[in-house]
Structure formats: structure tokens, C-alpha cells
A.B. asks: 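Take this structure first; my questions come after.
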Amino acid sequence: MNEKIRNAKSTLKILGILSIVLGAFGIILGVMSVAGGGLLAGGIASGEVSSSEVDAATTATGLVLVAGIALLVSGIFSLLLGIFSVRASNDFSKIGPAYTLAIIDLILSVVGVIVNFVGTMNVSSLLDGAVGIVFSACIFWAAKTIRDNA
């Protein structure tokens with residue numbers, strides 16, 4: 001095995017494991033957010049929220065539920081990317097799904113940075129997006145290297 005393939009294999013495995021861990025955290029946080037939104041909705045429905053606070057509570061409930069679902073979907077995607085990346089680093093013949101998910105992840109990361117740049121122009125969110133792009137690009141590079149050379 002040449003040095004380029006060995007580096008790509010190591011990169012794919014390490015970033016795949018990291019993606020599995022981050023995906024698991026995302027799933028846990030997404031489930032907690034959805035459950036919290038459900039509790040808020042239950043408080044509104046049962047009348048525990050005063051009538052003057054219903055509009056604000058309804059808005060908060062909707063935002064928490066949408067954010068929780070987005071976090072849950074993102075966590076599932078990261079978990080799948082990690083699983084397929086680790087699997088592909090151990091068996092190069094299974095690189096197809098990891099390569100496809102890496103392309104999708106890279107595209108979504110770039111779109112996310114563009115949306116953040118247009119929407120908020122917040123330095124913190126732009127740096128977060130830049131880290132996401134680098135992470136996605138590294139997984140894509142490793143998967144492409146293995147696909148092209150193995």
C-alpha cells in the first residue's frame with residue numbers, strides 16, 4: 001500500500017470516528033430538543049401558560065421543535081457518514097457510500113457558510129462553517145483518493 005493510500009485510510013478512519021461521535025451527540029441533543037418542544041406544547045395545551053404569554057410560548061415551541069428536528073437529521077447524517085467512512089477505511093471496495101455522503105456533506109457545508117454569510121455575517125458562525133468545510137473536504141479528499149487509487 002503506497003503512502004498516499006495509507007494517509008487517506010488513516011484520515012478517513014479518524015474523521016469517520018469523530019463524525020460518529022459528533023453524530024451521536026447531535027442525535028441526543030435533537031431528541032432532547034424535540035422532547036423539550038413537546039413539553040412546551042403540552043404546557044400550552046394544558047393551560048399552564050397564561051393567555052398573555054401564549055403567543056411567545058407558541059413561537060418558542062415552534063422554534064425549539066424545528067431546531068430539534070434539524071439537529072436530529074444532521075446527527076443522523078453525521079452518524080451515517082462516520083459509519084460508512086470507517087467501514088470504507090477497512091474495506092476499500094465499500095468506498096461508494098462514503099464518497100457519495102462526503103460529496104453531499106461538502107456541498108451542504110458550503111451552502112451553510114453562504115447562508116450564514118448572507119444572513120448573519122457573524123464571525124463565530126463563519127468560523128464554525130469554515131471548520132465544517134475543512135472537515136468535509138478532508139473526508140472527501142480521503143474518500144476520493146481511496147476510490148481513485150485503490
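Keep in mind that the numbers below use all heavy atoms, side chains included, and drop hydrogens, waters and symmetry copies. Note that the numbering runs from 1 along the sequence shown for the chain.
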A.B. asks: Is it possible for you to say whether V31 and L79 belong to one hydrophobic cluster, with membership spreading through side-chain heavy-atom contacts below 4.5 Å?
C.D. replies: yes
A.B. asks: If you round to the nearest 0.5 Å, how far is OG of S136 from CD1 of I104?
C.D. replies: 11.5 Å
A.B. asks: Going from CG on L71 to CD1 on I76, what distance comes out if it is rounded to the nearest 0.5 angstrom?
C.D. replies: 10.0 Å
A.B. asks: Please name the pair of heavy atoms, one in G132 and one in S109, separated by the smallest distance, quoted to 0.1 Å.
C.D. replies: O-OG, 3.7 Å
A.B. asks: Hey, is the main chain of A70 close enough, under 3.5 Å, to the side chain of S74 for a donor-acceptor pair?
C.D. replies: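 Not at all, since once roles are kept as given, no pair shorter than 3.5 Å links the two residues.
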A.B. asks: Are I14 and L22 connected, step by step, through hydrophobic side chains (Ile, Leu, Val, Met, Phe, Trp, Tyr) whose heavy atoms are closer than 4.5 Å?
C.D. replies: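 Looking at the clustering, L22 is in a separate group from I14.
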A.B. asks: CG of L101 to CG of L81: how many Å apart, nearest 0.5 Å?
C.D. replies: 5.5 Å
A.B. asks: Could you tell me which residues satisfy ring-ring contact (aromatic ring centres under 6.0 Å, His included) with F140, sequence neighbours excluded, listed by chain and number?
C.D. replies: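 Once residues adjacent in sequence are excluded, the partners of F140 under the ring-ring contact (aromatic ring centres under 6.0 Å, His included) criterion are Y99.
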A.B. asks: Taking atom CG of L15 and atom OG of S10, what is their separation to the nearest 0.5 Å?
C.D. replies: 10.5 Å
A.B. asks: Rounded to the nearest 0.5 Å, how far apart are CZ of F92 and CG of N149?
C.D. replies: 10.0 Å
A.B. asks: Measure across A88 and K94 and return the closest heavy-atom pair with its distance rounded to 0.1 Å.
C.D. replies: CB-O, 3.6 Å
A.B. asks: Side-chain heavy atoms nearer than 4.5 Å, only ILVMFWY residues, links allowed to pass through others: does that put I20 and L29 together?
C.D. replies: no
A.B. asks: Shortest non-hydrogen contact from G23 to S78?
C.D. replies: CA-CB, 3.7 Å
A.B. asks: Measure across R87 and P97 and return the closest heavy-atom pair with its distance rounded to 0.1 Å.
C.D. replies: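 In this case the closest contact between R87 and P97 is NH2-CG, 3.7 Å.
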A.B. asks: Same hydrophobic cluster for V115 and I107, using side-chain heavy-atom links shorter than 4.5 Å among ILVMFWY?
C.D. replies: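 Hydrophobic grouping puts V115 with I107.
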A.B. asks: Can you confirm whether T145 sits close enough to W141 that some side-chain heavy atom of one is under 4.5 Å from a side-chain heavy atom of the other?
C.D. replies: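 Yes, side chains in contact.
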A.B. asks: Considering non-hydrogen atoms only, spot the tightest contact between L106 and A137 and give its length.
C.D. replies: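 Looks like CD1-N, 3.8 Å.
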A.B. asks: Compare every heavy atom of I27 with every heavy atom of G75, then report the nearest pair and how far apart it is.
C.D. replies: C-CG1, 3.7 Å
A.B. asks: Working to the nearest 0.5 Å, report the span between CD1 of I146 and CG of L12.
C.D. replies: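 Reported value, rounded in 0.5 Å steps: 5.0 Å.
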A.B. asks: Going through the checks in order, is the side chain to side chain contact (heavy atoms under 4.5 Å, CB included) test met by S19 and F135?
C.D. replies: CA-CA 9 Å; S19 186; F135 185 85; 4.1 Å; yes
A.B. asks: With side chain to side chain contact (heavy atoms under 4.5 Å, CB included) as the criterion, how do V131 and L127 come out once you've worked through the C-alpha distance, each side chain's angles and the decisive distance to 0.1 Å?
C.D. replies: CA-CA 6 Å; V131 169; L127 288 176; 5.7 Å; no
A.B. asks: Among the clusters formed by ILVMFWY side chains lying less than 4.5 Å apart, do I133 and I114 turn up in the same one?
C.D. replies: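 Hydrophobic grouping puts I133 with I114.
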A.B. asks: Going by salt bridge (Lys or Arg N to Asp or Glu O under 4.0 Å), name the pairs with one or both residues in residues 130-145, residues two or more places apart or in two chains.
C.D. replies: K144-D148
